There are 2 protein chains.
Amino acid sequence: MADVNVSAKIAAPASGLTERPGAAPAPAEPVWDIIELLFFAYRDFVGDPDEVLSKLAFGRAHHRVLHFVNRNPGMKVADLLEILNITKQSLGRVLKQLVDQGFVVQKEGAQDRRQRLLYVTPKGETLALKLAGLQTQRINRAFAELGPGAHEAARRFLTAMIDADNREGVLRLITRAERATKPRS
Amino acid sequence: MADVNVSAKIAAPASGLTERPGAAPAPAEPVWDIIELLFFAYRDFVGDPDEVLSKLAFGRAHHRVLHFVNRNPGMKVADLLEILNITKQSLGRVLKQLVDQGFVVQKEGAQDRRQRLLYVTPKGETLALKLAGLQTQRINRAFAELGPGAHEAARRFLTAMIDADNREGVLRLITRAERATKPRS
DNA sequence: CATAATATGTCAACATGGCTGACGTAAATG
DNA sequence: CATTTACGTCAGCCATGTTGACATATTATG
């Protein structure tokens, strides 16, 4: 189970079950361990923030919005919609709550005054960092257990799991946000 | 950003922001890349099955139930509730649909006839394997990109991300399922 | 300049999948 | 026999996603 050589099979579609020659071309054996570990790891990963958020009557939707606005100050509503891949109506609800409660502000675009550029307030940044801090604790605990190279290995694995189409865009987003958020330190 | 030595900071709670001595004890710098990569990787990872499921008027809830029943034939309803960590009312809805449409069957327990042990039908197994096959394609594509050792590295990382309390239970679950599902090949 | 396109907001209605609370029934257990 | 357990069900609420239609301000264009 551990060292199956699968690299030759990955082009095959998965549908059949047995290995009758002439039928469906041998699906790769499901990688059950990774499938299930991803489920449980992600569950716990988002579970930490959930507890904090529930005390504020916020949910994961608020977390996602707050996170990306914090990471990309001055982003357009349209950009956020594209990242989150939800409708503006869905975004509107949670965004309105975040604005009403003073976690996020919208400023008219300088060049294009139709735009409502999004920024976190100090209050919003504090919350965003608190939530990121919880997740960071978990991640760093894992890295500490695993020894050096774990961060790089995790980054490479997760990156390779992203749709090849989006991958560049996601990496650009992360890099751009790195630039936009870091200078405040 | 790449090689910050964080292992000395992980015990510190994250709340403050600056490094005033005497105040909150220096939160670890958020590991933004992993936080965001996990978000996007998981999104794509569950996105593949979602497309197939939507054609059957099923959602992720059905997927999770079908997955774990397929992996743990004969499991009790109570076990499934514990794994999914939802209420029996929530489970009831999706389970009923899966049963009504012939993907899952319930059999009276042999020793304890109160139990309704869960099994996938051949139809259910086919669907479960189709969905797992999609996710396996993505995983194996990633592993192929990353070279040897990627599977082991991913497993170790994901395992370390799970709550220490549950970790043993999860690993036992995966191992037990491995035993229960494999012998049919 | 008039018109079209764009960025955003909003109203209404609906679906999914969580939740709580209450209650029922059959079977096991003390 | 009384209680507990395993499970099912009814009723209703909430969060967060959806579609469709429409309004408003601003920019872009023929």
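Every chain is numbered from 1 and lettered A, B, ... according to where its sequence line falls, protein lines coming before strand lines. Note: hydrogens, waters and symmetry copies are ignored here, and every other heavy atom, side chains too, is used. All values reported here derive from a predicted model rather than from experimental measurement.
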Just call it for [X]: base, sugar-phosphate, or nothing, with non-hydrogen atoms closer than 4.0 Å on any strand.
{"X": "B:G59", "result": "sugar-phosphate"}
{"X": "A:K76", "result": "sugar-phosphate"}
{"X": "A:Q97", "result": "nothing"}
{"X": "B:R60", "result": "sugar-phosphate"}
{"X": "B:D79", "result": "nothing"}
{"X": "A:Q106", "result": "sugar-phosphate"}

message = Checking contacts here: which listed nucleotide (D:dG8, C:dA22, D:dT19) is nearest the side-chain heavy atoms of A:Q89?
response = D:dT19
Using OP1 and OP2 only, check whether a side-chain N or O of [X] sits under 4.0 Å from [N].
{"X": "A:R93", "N": "D:dC14", "result": "no"}
{"X": "A:R114", "N": "C:dT6", "result": "no"}
{"X": "A:S90", "N": "D:dT18", "result": "yes"}
{"X": "A:H62", "N": "D:dT16", "result": "yes"}
{"X": "A:T87", "N": "D:dT18", "result": "yes"}

query = Between B:F58 and B:F103, how do the two ring planes meet: parallel, tilted or perpendicular, split at 30° and 60°?
reply = perpendicular
inquiry  = Can you measure B:K96 atom NZ to D:dC10 atom C1' for me and round it to whole angstrom units?
reply    = 13 Å
message = Using whole Å, what does the distance between atom P of nucleotide C:dG18 and atom CG of A:L53 come to?
response =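 Going from CG in A:L53 over to P in C:dG18 covers 18 Å.
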request  = Please say whether more than 12 non-hydrogen atoms of neighbouring residues, nucleotides or ligands are located less than 6.0 Å from CD in B:E168.
outcome  =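 Atom CD in B:E168 is not packed in, count stays at 12 or less.
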message = Please check: side-chain N/O of A:D112 versus main-chain N/O of A:R114, any donor-acceptor pairing under 3.5 Å?
response = yes
request  = Say whether, by atom type as modelled, one donor and one acceptor occur between the side chain of B:R167 and the main chain of B:T159 under 3.5 angstrom.
outcome  =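 Yes: the side chain of B:R167 pairs with the backbone of B:T159.
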query = More 5' along DNA chain D: B:L117 or A:R64, using each one's nearest nucleotide?
reply = B:L117
